[in-house]
Amino acid sequence: MATSAPAGSPSGATARQRLRGWMLEGLADMAKHQKGVHAGPVSAHRGQRWWRVMCLTGVDYFSTLGYQPGIAALAAGLLSPIATLVLVIVTLAGALPVYRRVAKESPHGQGSIAMLERLLSFWKGKLFVLTLLGFAATDFLITITLSAADAATHLVENPHVSSVLQHQQMVITLLLIALLGAVFLKGFLEAIGVAVVLVGLYLTLNVAVVVAGLWHVATAPHVVPDWSQALTTEHGSPLAMVGVALLVFPKLALGLSGFETGVAVMPHIEGDPGDTEERPHGRIRGAKKLLTTSAVIMSIFLIITSFITTLLIPEQAFQPGGSANGRALAYLAHEYLGSAFGTVYDVSTIAILWFAGASAMAGLLNLMPQYLPRYGMAPHWARAVRPMVLVFTLVAFLVTWIFNADVDAQGGAYATGVLVLISSAAIAVTIAARRARERGWTTGFAVISLVFLYTTIANVIERPDGVKIGACFIAGIILLSFLSRLARAFELRVTSVVFDEMAERFIRDIAHRKIRFIANEPDQRDLAEYRDKLEQIRTDNDIPVDDDFIFVEVTVGDPSEFESELRVRGEVMHGRYRVLCLESSTISNALAALLLHARDLTGALPHIYFEWTEGSPFAQFLRFFLFGQGEVAPVTREVLREAEPDRDRRPRVHVG
């Protein structure tokens, strides 16, 4: 009888290795454009026509038609068309100009976060970006859970299956999220062709529903007068209606989603033959067409659908548990175009809502590797797709459970994430316009920023769940990021070492004897400093007077940076002392990289000499972690130990 191999057997170990290799296979596909800007020409085959890429972002943006009219009706009641008109004005006159400018300023897919990242340095810049990433994670994750919940609603409410799937909303939502995760675990590349088919079919079916709805409004003469009279009775004057619509507008902010995704997919847009990654004019022009066309299409649909759903669907049907809750247009499709067409519409809506979750997952896998690995704030496995997919899927399960797979309950959290990102984008382009001395645009963008800040604050006050969820994501990202940075503190963290001609001459010359370095903290850099330091090192380590030394001095730049290139410059001080000058984010990691590079360059084993630093070891470690300094000698030795496991090949560290 066959038996399974014990856990410690070779076959068990092989299985674990295969599983580990499969889980960590490759880096995130969506982060392939993050590795820098190249001046060479961009070949045409690397991109797709802008309208095809529009469909990719459209699965997120256009899919909100599945639930936006119902949310608007719940929030504004009879005022839904007027409140939606306010949303459209803000979209076309506010969000669209902002993101057209973002496309110009950040054409490589990083979006407004990259624009704001450039404004701040040191740790405050990193914390600011981590905060924005928390809200971006809120936006994308709630896109996954809300879209899956609404897809489940369309399935459960379909009359052909409602009796079988009754009260199974939670189970179906979790299954859809699990299916989404399974697609990415198998290996997912953004299928623009699938997006084109889905968006084309979905918008065509929506045109049919809109035409049928307008026809029924036109053939029922009492509908519009009844609505108008009810509005007048409830709100009085048109001015009061507009005032209430402005107050209600923040609740409709879900209709603004999709702009951040629009700039995130910019690297996929085909550019002009003469485009370069530094000046991708064709790509920027295509992105502006994408943003404008999608905003206009969505605005037209939002206005018409809010009008027909408000006039044709009973108010109670929009309430939780009602047949139009979360599926207003599907309700009209079944009501006026028959059960067969309604079922086709439901299937189309379920497909595009599910694929909207795929777009959001791709956005997460693209966004996080743009920043966290550069900051050293992600473990090595976070660079691979599959472990991150598992993390995001589990978090999506948790969010779904917390919100009980309720579309309306998740609206606040989704809107908060969307509004924070749009507000940050508006502020970023305002600063960019001011730096470019464009007074008109600066004033305009400042006004738009105020509108979005008001909308964000009003949304947070009305529905604080959004900012609570966002705060949880922010706290989680910051905590995990700093734990990762702490765990990786002793990595080599130098991408390459470049010697100038004099520095290389120093190294090759001293390699004929014994390579001895003295770590020196530059102070006055006068003759006495080098003379006294050399005498002290000789005395502390009992080194003969005729032995040769090279001083090494590290200047700390931005200690919050994690990885960087190390450039080494050679100088002769006071006509006799050779000095290697380095600039890095940390002293210890730079010294370790220098020692290893000198060893590999010459084949000789370098020695480096330090003084002990006075002070508490814990305080010195904090200085190293936060400011790149601290107790240099033991940290340099630890970096070398991790980088070179062979003790015989490890450079020697001496402390006196």
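Just so it is clear, the structure is predicted and the values come from calculations on it, not from any experiment.
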Mind checking whether Ile422 and Val98 have side chains closer than 4.5 Å, heavy atoms only? no
Mind checking ring pair (Phe, Tyr, Trp, His ring centres under 6.0 Å) for Phe307 and listing every partner two or more places apart, or none if nothing turns up? Trp227
Yes or no on side-chain contact (heavy atoms from CB on, under 4.5 Å) for Leu394 and Leu398, after CA distance, side-chain angles and deciding distance? CA-CA 6 Å; Leu394 291 174; Leu398 178 62; over 6 Å; no
Hits for ring pair (Phe, Tyr, Trp, His ring centres under 6.0 Å) against Tyr99, two or more places apart or cross-chain, chain-then-number order -> Phe259
Tell me, do Thr305 and Leu65 make a side-chain contact under 4.5 Å, heavy atoms counted? yes
Run the numbers on Val129 and Leu116 for side-chain contact (heavy atoms from CB on, under 4.5 Å), then give the verdict. CA-CA 8 Å; Val129 169; Leu116 292 169; over 6 Å; no
Kindly write out the residues that satisfy side chain to side chain contact (heavy atoms under 4.5 Å, CB included) with Ala148, not counting sequence neighbours, or none if the list is empty. Thr173, Leu176, Ile177
Value for CG (Asp226) from CG (Leu231), rounded to nearest 0.5 Å, stands at 11.5 Å
Once rounded to the nearest 0.5 Å, what's the spacing between atom OG1 of Thr309 and atom CG of Leu312? 8.0 Å
List in chain and number order the residues that pass ring pair (Phe, Tyr, Trp, His ring centres under 6.0 Å) with Trp441, two or more places apart in sequence or in another chain; answer none if no residue qualifies. Phe445
For Arg100 and Leu291, work out which heavy atoms get closest and say how close. N-CD1, 3.9 Å
For a side-chain contact (heavy atoms from CB on, under 4.5 Å) check, start with the C-alpha distance between Leu180 and Trp354, then their side-chain angles and the critical distance, and finish with the verdict. CA-CA 8 Å; Leu180 178 67; Trp354 179 79; 3.8 Å; yes
Kindly indicate whether the side chain of Met361, heavy atoms from C-beta on, has any atom under 4.5 Å from the side chain of Phe140. no
Any pair counted as side-chain hydrogen bond (donor to acceptor under 3.5 Å, both in side chains), so long as it reaches residues 200-210, sequence neighbours left out: Asn206-Tyr345
Do Thr91 and Ser299 have side-chain atoms, one donor and one acceptor, less than 3.5 Å apart? no
Glu234 side-chain N/O to Leu78 backbone N/O, donor-acceptor pair under 3.5 Å: no
Give me the atom names and distance for the closest heavy-atom approach of Gly262 to Thr57. N-OG1, 3.4 Å
Would you say CG of Leu479 has more than 12 non-hydrogen atoms from neighbouring residues, nucleotides or ligands within 6.0 angstrom? yes
Starting at CZ of Phe128, measure out to CD1 of Ile113 and round the result to the nearest 0.5 Å. 9.0 Å
Are the side chains of Arg437 and Thr442 in contact, using a 4.5 Å heavy-atom criterion? no
Could you list the residues that satisfy side chain to side chain contact (heavy atoms under 4.5 Å, CB included) with Ala93, not counting sequence neighbours? none
Please identify each residue that fulfils ring pair (Phe, Tyr, Trp, His ring centres under 6.0 Å) with His281, with sequence neighbours left out. none
Quick one, Thr416 and Phe135 - any side-chain contact, counting heavy atoms below 4.5 Å? yes
Taking every non-hydrogen atom, the tightest pair across Phe62 and Met298: CD2-SD, 3.9 Å
d(Gln169 CD, Leu174 CG) to nearest 0.5 Å is 10.0 Å
Could you tell me the separation between the CG atom of Leu329 and the CZ atom of Phe301, rounded to the nearest 0.5 Å? 9.0 Å
List the residues meeting salt bridge (Lys or Arg N to Asp or Glu O under 4.0 Å) with Arg285, not counting sequence neighbours, and say none if there are none. Asp272
Using only atom types and a distance under 3.5 Å, with no angle test, would you say the side chain of Thr64 pairs donor to acceptor with the backbone of Asp60? no
Under the salt bridge (Lys or Arg N to Asp or Glu O under 4.0 Å) test, residues paired with Glu105 that sit two or more places apart: Arg101
Taking atom types as modelled, is there a side-chain donor on Ser306 or Ser80 under 3.5 Å from an acceptor on the other? no
Decide yes or no for Met266 and Arg283: does some side-chain heavy atom of the first lie under 4.5 Å from some side-chain heavy atom of the second? yes
For Leu353, enumerate each residue passing the side chain to side chain contact (heavy atoms under 4.5 Å, CB included) test, keeping only those at least two apart in sequence or located in another chain. Ser63, Tyr67, Ser147, Asp150, Ala151, His154, Thr349
Shortest non-hydrogen contact between Ile308 and Val209, atoms and distance: CD1-O, 4.2 Å
In short, Phe452 meets Ala426 closest at the heavy-atom pair CD1-CB, 4.3 Å
Tell me, please, which residues at least two apart from Thr131 pass side-chain hydrogen bond (donor to acceptor under 3.5 Å, both in side chains). none
Ile142 and side-chain contact (heavy atoms from CB on, under 4.5 Å): which single residue from Ile144, Asp139, Thr145 fits? Thr145
Rounded to the nearest 0.5 Å, what separates atom SG in Cys55 from atom CZ in Arg49? 12.5 Å
Under the side-chain contact (heavy atoms from CB on, under 4.5 Å) rule, what do Leu74 and Gln319 come out as? Steps first, then yes or no, please. CA-CA 7 Å; Leu74 272 178; Gln319 301 302 315; 3.7 Å; yes
Report yes if some heavy atom in the side chain of Leu79 is under 4.5 Å from a heavy atom in the side chain of Val248; otherwise report no. no
Can you find a pair of side-chain heavy atoms, one from His216 and one from Leu332, that are under 4.5 Å apart? no
Listed by chain and number, what are the side chain to side chain contact (heavy atoms under 4.5 Å, CB included) partners of Thr443, not counting sequence neighbours? none
Do other residues, nucleotides or ligands put more than 12 heavy atoms under 6.0 Å from Arg434 CZ? no
Show the nearest heavy-atom pair for residues Ile352 and Leu198, with the distance to one decimal. CD1-O, 4.3 Å
Check whether any side-chain N or O of Ser106 sits under 3.5 Å from a backbone N or O of Ala103 as a donor-acceptor pair, and report yes or no. no
Is it the case that more than 12 heavy atoms not belonging to Gln229 sit under 6.0 Å from its CD atom? no
